[in-house]
Amino acid sequence: MTPAVRGRRLPRSFYARDVLEVAPELLNKVLVCGNRAGRIVEVEAYRGGEDPASHAYKGPTARNASMFGPPGRLYVYFTYGMHWCANVVCMPEGTAQAILLRALSPLAGLEEMRAARPAARRDRDLCRGPARLCQALGIDRSYDGADLVRPGGHRLSILDDGADPPAAPGTGERIGIRLAQDRPWRWWVPEDPNLSRADPIRS
DNA sequence: ACCGGGATGTTCT
DNA sequence: GAACATCCCGGTG
């Protein structure tokens, strides 16, 4: 058995702000999906119409619809023909900003995660990467648009368990994109072993 | 440890 | 037809 996760859900107003404000504050919050949970240790901001790398840059499409919806919901997309990735939607309805969840520190439901990710050799590999964490938590298309503030049958939410975000988070360029690569819109918990890439050495 | 290539299919041009 | 907010495996040091 894994310990129960306790904490309070964040209000919708928390998400109704610019991703550049919200993203670093998401660090150390807890993502819960059913009985599986992990602490958020790495995120990336995608800033809608201002951001050539955003799926919403060229306007609404069938795929990015939930990005244009209310804040505090999930935007889940399919990529490379086999992977799901999950984002937290920010800003009021009509403005498409979202924060990609890039890595979690596993907290609960470890047995289910291991079963869902047979390729993970160690527990630190379960949720280190945007597609890996979705695999570990069982997040797929059916979670697109899921409400984090008032969760329904999907039992998905983000909790504040009292852990503050890091006072001095790591920051750097986003990973795996071609356009707007220079914008330093990735944040992480320094030296966490579950990061999608090892924490770069800082002087 | 690090690197290179293949997998696989939706989305948009 | 190309691009893709990735991952895994098998090579070499």
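Chain identifiers are assigned alphabetically (A, B, ...) following the order of the sequence lines, protein sequences preceding nucleic acid strands; residue numbering begins at 1 within each chain.
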_Side-chain N or O of A/R121 versus OP1/OP2 of C/dC8: is the shortest distance under 4.0 Å?_
no
*asked:* Strictly below 4.0 Å: does A/R128 bring a side-chain N or O up to OP1 or OP2 of C/dC7?
replied: no
Tell me: [atom1] of [X] to [atom2] of [N], nearest whole Å?
X	N	atom1	atom2	answer
A/L133	C/dA5	CG	P	16 Å
A/R132	C/dT6	CZ	C1'	8 Å
A/H83	C/dC8	NE2	C1'	8 Å
A/E173	C/dA5	CD	P	16 Å
A/F78	C/dA3	CZ	C1'	15 Å
A/R183	C/dA5	CZ	C1'	14 Å
A/D125	C/dC8	CG	P	8 Å

*Where along residues 36-67 of chain A does a heavy atom fall under 4.0 Å from DNA chain B?*
A/K58, A/T61, A/R63
_Using a 6.0 Å distance limit plus a 45 degree cone around the ring axis, check whether A/R17 lies over the aromatic ring of A/F14._
yes
*asked:* Could you check whether A/R183 makes a cation-pi contact with A/Y46, meaning its NZ or CZ is under 6.0 Å from the centre of the six-membered ring and within 45° of the ring axis?
replied: no
*Between A/E42 (side chain) and A/S196 (backbone), is there a donor-acceptor pair under 3.5 Å?*
yes
*To the nearest 0.5 angstrom, please state how far the CD1 atom of A/I40 sits from the CG atom of A/L26.*
4.0 Å
_Whether A/W84 and A/F78 hold their rings parallel, tilted or perpendicular, with breakpoints at 30° and 60°_ = tilted
*Measure up the A/H55 and A/Y77 rings against each other and bin them: parallel (under 30°), tilted (30 to 60°), perpendicular (over 60°).*
perpendicular
*Counting any heavy atom closer than 4.0 Å, what does A/R117 reach on the DNA or RNA strands: base, sugar-phosphate only, or nothing?*
sugar-phosphate
*asked:* So if I apply the side chain to side chain contact (heavy atoms under 4.5 Å, CB included) rule between A/N87 and each of A/L100, A/L101, A/I99, A/V76, which one comes out positive?
replied: A/L100
*Name the first nucleotide and the last nucleotide along DNA chain B (5' to 3') that come under 4.0 Å of a heavy atom in chain A.*
B/dA7 to B/dT13
*Which base sits across from C/dA5 as a Watson-Crick or G-U pair, both distances under 3.5 Å?*
none
*asked:* Assuming nearest nucleotide by heavy-atom distance, tell me which of A/R178 and A/Q135 is located more 5' along DNA chain C.
replied: A/R178
*A/R141 or A/Y80: which one's nearest nucleotide on DNA chain B is closer to the 5' end?*
A/Y80
*Please test A/V22 against A/V19 for side-chain contact (heavy atoms from CB on, under 4.5 Å), starting from the C-alpha separation and ending with a verdict.*
CA-CA 5 Å; A/V22 180; A/V19 282; 5.6 Å; no
*Step by step, work out the side-chain contact (heavy atoms from CB on, under 4.5 Å) result for A/V43 and A/L27.*
CA-CA 7 Å; A/V43 296; A/L27 294 175; 4.2 Å; yes
